[in-house]
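Please read the structure below before turning to the comments.
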Amino acid sequence: MTSPAPRSDAAGRLPGVPDAATVLVLNSGSSSLKFQLLDPVAEVVHASGIVERIGQDRGQAHLEAGDLRQPYAGEVPDHKVAMEVVTGLFEDAGMSLQEANVVAVGHRVVQGGARFTSPQLVDSWVRDQIADLGALAPLHNPAAVQGIDAARRLFPDIPHVAVFDTAFFTALPEEARTYALNAQVASEYRIRRYGAHGTSHRYVSEQVSALLASEGTDVSDLRQIVLHLGNGASASAVRGDAPLDTSMGLTPLEGLVMGTRTGDIDASVYAHLSRSAGMSIDEIDTLLNKSSGMQGLCGMNDFRDITAAIRAGDERAELAMRVYVHRLRKYVGSYAFTLGGLDTIAFTAGIGENVPEVRERTLEGLEAFGIVLDPEANARREKGVRTISAPDSAVRVLVVPTDEELAIAQQSLEVARSAR
Ligand code: AMP
């Protein structure tokens with residue numbers, strides 16, 4: 001890599017990060033490594049980026065910091081090299097990661113099983129347990145382990161913390177996390193509902209509680225629905241600070257209609273496709289996870305394209321949207337009953353934050369249940385937490401931007417500090 005003129009000061013410190021502690025957050029996918037360097041206390045992102053196409057012909061990466069965009073292209077055979085690319089990108093941008101006052105490295109881990117109910121300081125045992133849980137998340141946990149190994153080699157003296165996507169939902173009530181599957185088989189193969197997106201559901205529900213508490217509401221028993229609608233999508237019912245149900249299950253396939261995943265589907269589809277179409281289990285898995293959902297219904301999975309197509313009269317896109325919204329409304333209704341009533345609904349993630357049509361269709365005609373949207377507030381494009389229900393709506397409806405990296409950084413800092 002080439003080295004342009006340094007942008008850090010003489011001591012090699014990042015611009016604007018002289019003294020405050022920073023956390024490096026790593027999110028390792030099977031062929032990607034996302035990273036962010038941030039100050040979790042001041043809630044400032046200093047740099048972020050991604051290494052992509054790991055293990056493929058030609059890798060590519062970039063780092064963004066303010067107006068600066070530092071690109072990289074070259075071979076990235078594995079996550080060890082990807083980590084070196086990340087440190088190289090920081091150096092090429094004139095920022096030394098070694099001198100950025102990094103006090104913890106936070107790793108996003110998709111599957112923590114029943115065992116990890118909170119973030120963990122990574123030692124060899126924790127690392128091996130994450131590897132062992134790979135049977136439950138074959139696409140995700142092995143990549144996380146590779147990321148952890150590579151980062152620990154590069155930063156051996158800094159605490160590494162694993163933050164689990166499933167941790168928040170380990171507190172689900174037994175009846176919500178248990179499948180009505182033969183109990184012996186379920187136990188032997190660790191089959192239960194683990195949920196996912198837990199870091200986001202926890203973060204968003206805490207933001208809602210904090211806002212209402214600041215207005216003088218007693219939030220100890222607040223009945224919330226959180227709708228995390230991104231490329232992956234999930235719903236949760238939260239009472240006080242405890243999850244009562246969530247839509248994702250053993251894997252992130254269950255629940256809502258997603259960009260490329262079916263969400264809920266009769267499990268017999270596996271047997272039917274195997275018998276009738278001669279498809280292998282892997283082919284069916286790929287079909288249900290990668291080429292179904294909105295993509296499979298209308299050939300598009302980006303809601304910018306889908307809403308534009310609907311406006312242009314595309315009937316397949318319109319049907320896909322109706323299927324998407326129908327599923328969402330089923331979950332909203334069922335969670336309102338699970339909670340015994342409803343105080344708030346929060347929309348978050350790419351679609352939840354940016355697509356007013358989805359919010360409007362999901363909640364239209366529910367005035368009898370105390371849900372009244374303010375059409376103007378819903379249509380407004382603003383940043384930050386905002387209310388989109390009418391003043392006379394019994395249920396408060398909000399848009400709450402999620403920030404999983406910030407949540408991971410804050411939890412990592414807490415664990416690192418308490419471990420000292
Ligand atoms: P996420 O997984 O949270 O990053 O969400 C990604 C999805 O959000 C994309 O596939 C888009 O469908 C949707 N999205 C993001 N930004 C917008 C936007 N400005 N308008 C419409 N849809 C958006």
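For reference, positions follow the sequence shown, starting with 1. For ligands, and for the atoms within them, numbers begin at 1 and follow the listed sequence.
A salt bridge links E215 with R396: at least one charged nitrogen is closer than 4.0 Å to a carboxylate oxygen.
In terms of heavy-atom proximity, A151 sits nearest to H107 at CB-CE1, 3.6 Å.
Ring geometry for H201 against H228 counts as tilted: the plane angle lies between 30° and 60°, on a 0 to 90° scale.
Environment of CG in D374: crowded, with over 12 heavy atoms of neighbouring residues, nucleotides or ligands closer than 6.0 Å. The number of heavy-atom neighbours closer than 6.0 Å to CD of E414, taken from other residues, nucleotides and ligands shown, is 12 or below.
Among protein residues, G230, N231, N301, D302, F303, R304, A349, G350, I351, N354, V355 come within 4.0 Å of ligand 1, judged on heavy atoms.
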Report task. Please lay out, stage by stage, how V395 and S389 fare under the test side chain to side chain contact (heavy atoms under 4.5 Å, CB included). Result -> CA-CA 8 Å; V395 176; S389 47; over 6 Å; no
